[in-house]
Amino acid sequence: MEGYVDFIQYLGPDMSIKIIMCLEDPADLVRVSTVSSSWRQFVIANGLCKQLCLRMFPEISSVAPVIEAMIEPIEARSKNSIEQLSLMRDHRVYAFLVRGLSSSITSDCIMKAIGASSTDNYPEESIRNTLERGDRVEHRASYWSSKGASNPAVPEILVYKLIANLCVITEIHLQPFQAFFQFGFPIYSAKAVRFRMGHPKFQMDFNGDPRNDSESAFSNDKFIWTYTSPEFPMAQEKKLQKFELPEPVLCIGGILQIELLGRVQRQAMDGLYYICISHVQVVGRPLSPTFDVEMLDNSSGKCALKYYPEAEHNSLCPSKSGGEASSSPSHLRFLTASIRGWLLGGGPVGIPEHNVSSEDIHG
């Protein structure tokens, strides 16, 4: 077209990649790939969707090469065509994955309580009680309690299984328990809390009884943690305390560890320090059934990302309102305007404005 310039050809691949990767919305990157066949090939050949995933969620780097589990293996006559088909497959998988990772997050992601480093009175004070939303169930107190300790620095650990092996987590909520049946109504909170996410280093049975009074059963050498949060101070207050993670976290393996650091409340009757939690909630979004992770080697943490394309429309496609594919403002127009004012004294760059659909990703 007369007066139009293809800035990818004009600037070369290195500078073009730097410019395109300034985009922050995954939908914009998909729009870039729909400008023309040459732009689509440029995005695919340079793995830009995968690069965006790695930048937004560094935890994705621990995932081994993509496996499209429900699609027949790639067959082609030449090595070059196999490589091209592999690149196209990875582009499609990571395009849907990055959309899923960055979509709205609203679900409670805990599936079950696995166990605690100690329990004072089982089953009355089991970790299972923390799945209840209130501190009373059928007129009885509902909470988990640690064993007592004379040293207030002794930590406690709670371990939970999430509803999927791949979840994006943004917040974790905890409510300390206030003992309304004790004099003074003491609140048995911790001083601070820290969160870890990952998967078991060895095969573990999570279907049994959650009682476990051995801290070594949940020690860090039993797990591979792909994420560890900073410490958050915990208030000695009877309220649901919300701990927002610095960035959304991709939990690979579906295991959450809550480390309760330090004790603040001594029980009057025995003079020992306790931690009691009435409710735990994990705010996030599962990526199943479109994506799952298979542990290839638990001890090393090597795993494979499994992709089920027949489920992508039900799981990862964001809801549309008013014909828009994303509620966040697009940066593509700003990028277009910036290039228009820079290249060749203002020569316009031809970029169509349209909504992104799953057909755009599939090509």
Side-chain angles (χ1 to χ4, degrees), residues 57 59 97 99-116 123 125-138 141-145 156-178 189-190 193-200 204 206-207 210 218 223 225-230 232 234-235 237-260 275-293 311 314-319 327:
F57 296 90
E59 295 81 13
L97 180 58
R99 286 175 67 187
L101 293 174
S102 57
S103 59
S104 59
I105 298 172
T106 55
S107 303
D108 184 354
C109 287
I110 291 184
M111 182 175 74
K112 65 181 300 183
I114 295 176
E125 298 174 334
S126 167
I127 184 178
R128 285 177 175 168
N129 294 333
T130 63
L131 303 183
E132 301 290 343
R133 292 192 174 273
D135 59 1
R136 301 191 191 192
V137 175
E138 297 179 352
S142 176
Y143 62 97
W144 161 83
S145 174
E156 293 287 345
I157 291 173
L158 305 178
V159 182
Y160 296 87
K161 180 74 177 71
L162 303 183
I163 59 177
N165 288 328
L166 285 175
C167 293
V168 181
I169 307 301
T170 55
E171 297 180 8
I172 299 173
H173 304 167
L174 283 82
Q175 180 169 324
F177 177 68
Q178 182 174 29
S189 67
V193 64
R194 180 167 54 212
F195 310 108
R196 292 187 173 92
M197 302 181 208
H199 58 84
M204 299 178 70
F206 297 135
N207 296 319
F218 304 107
F223 298 88
W225 302 117
T226 56
Y227 173 80
T228 300
S229 78
F232 297 92
M234 195 172 189
E237 299 177 6
K238 182 194 173 183
K239 67 177 183 179
L240 190 64
Q241 301 181 33
K242 300 181 179 181
F243 303 99
E244 183 177 355
L245 302 177
E247 297 290 342
V249 174
L250 177 62
C251 176
I252 300 174
I255 300 295
L256 168 69
Q257 181 196 84
I258 299 177
E259 190 175 10
L260 301 162
I275 301 176
C276 301
I277 301 295
S278 60
H279 182 54
V280 174
Q281 184 179 22
V282 177
V283 179
R285 175 191 172 96
L287 295 185
S288 63
T290 306
F291 291 94
D292 199 358
V293 64
N314 298 326
S315 174
L316 291 183
C317 291
S319 60
S327 59

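Predicted model only: the values in this text are computed from it and were never measured.
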Visitor: How close do Gln241 and Ala235 get, heavy atom to heavy atom, and via which atoms?
Guide: NE2-O, 2.7 Å
Visitor: side-chain contact (heavy atoms from CB on, under 4.5 Å), that's the test. Do Val193 and Phe243 meet it? Break it down for me.
Guide: CA-CA 9 Å; Val193 64; Phe243 303 99; 3.8 Å; yes
Visitor: To the nearest 0.5 Å, tell me how far Phe223 CZ sits from His199 NE2.
Guide: 10.5 Å
Visitor: Does atom CD of Glu171 have more than 12 heavy-atom neighbours from other groups under 6.0 Å away?
Guide: yes
Visitor: Given side chains that start at C-beta, do those of Leu250 and Leu287 come closer than 4.5 Å, heavy atoms only?
Guide: yes
Visitor: Given Leu245 and Tyr227, is the side-chain contact (heavy atoms from CB on, under 4.5 Å) satisfied, shown in steps?
Guide: CA-CA 11 Å; Leu245 302 177; Tyr227 173 80; 4.0 Å; yes
Visitor: According to salt bridge (Lys or Arg N to Asp or Glu O under 4.0 Å), who are the partners of Lys238, at least two apart in sequence or on a separate chain?
Guide: Asp135
Visitor: Val293 and Gly253: which non-hydrogen atoms are nearest, and at how many Å?
Guide: CG1-N, 4.1 Å
Visitor: Report the distance from atom CD1 of Ile252 to atom CG of Asn165, rounding to the nearest 0.5 Å.
Guide: 10.5 Å
Visitor: Which value, rounded to the nearest 0.5 Å, describes the distance between Arg194 atom CZ and Gln257 atom CD?
Guide: 8.5 Å
Visitor: What is the distance from atom CD1 of Ile277 to atom CD of Glu125, rounded to the nearest 0.5 Å?
Guide: 12.5 Å
Visitor: If every non-hydrogen atom of Cys109 is compared with every non-hydrogen atom of Gly284, which pair is closest and at what distance?
Guide: SG-C, 3.4 Å
Visitor: Which pair of heavy atoms, one from Ala116 and one from Trp144, lies closest together, and at what distance?
Guide: CB-NE1, 3.5 Å
Visitor: Hey, mind stepping through Tyr160 and Thr130 against side-chain contact (heavy atoms from CB on, under 4.5 Å) and telling me if it holds?
Guide: CA-CA 10 Å; Tyr160 296 87; Thr130 63; 2.7 Å; yes
Visitor: For Gly198 and Cys251, which heavy atoms make the closest approach, and how far apart are they?
Guide: N-SG, 4.1 Å
Visitor: Could you check whether any side-chain heavy atom of Pro286 comes within less than 4.5 Å of a side-chain heavy atom of Leu162, counting everything from C-beta outward?
Guide: no
Visitor: Between Ile172 and Met197, does a side-chain contact (heavy atoms from CB on, under 4.5 Å) hold up when you go through it step by step?
Guide: CA-CA 12 Å; Ile172 299 173; Met197 302 181 208; 4.3 Å; yes
Visitor: How close do Gly115 and Ile127 get, heavy atom to heavy atom, and via which atoms?
Guide: O-CD1, 3.2 Å
Visitor: Rounded to the nearest 0.5 Å, what separation is found between the NZ atom of Lys161 and the CD1 atom of Ile114?
Guide: 7.0 Å
Visitor: Only counting residues at least two apart or in another chain, list the ones meeting ring pair (Phe, Tyr, Trp, His ring centres under 6.0 Å) with Tyr143.
Guide: Phe177
Visitor: Start with the C-alpha distance between His279 and Gln175, add both sets of side-chain angles, then the distance that settles side chain to side chain donor-acceptor pair (under 3.5 Å), and finish with yes or no.
Guide: CA-CA 5 Å; His279 182 54; Gln175 180 169 324; over 6 Å; no
Visitor: When rounded to the nearest 0.5 angstrom, what is the spacing between CG in Leu174 and CG in Leu240?
Guide: 8.0 Å
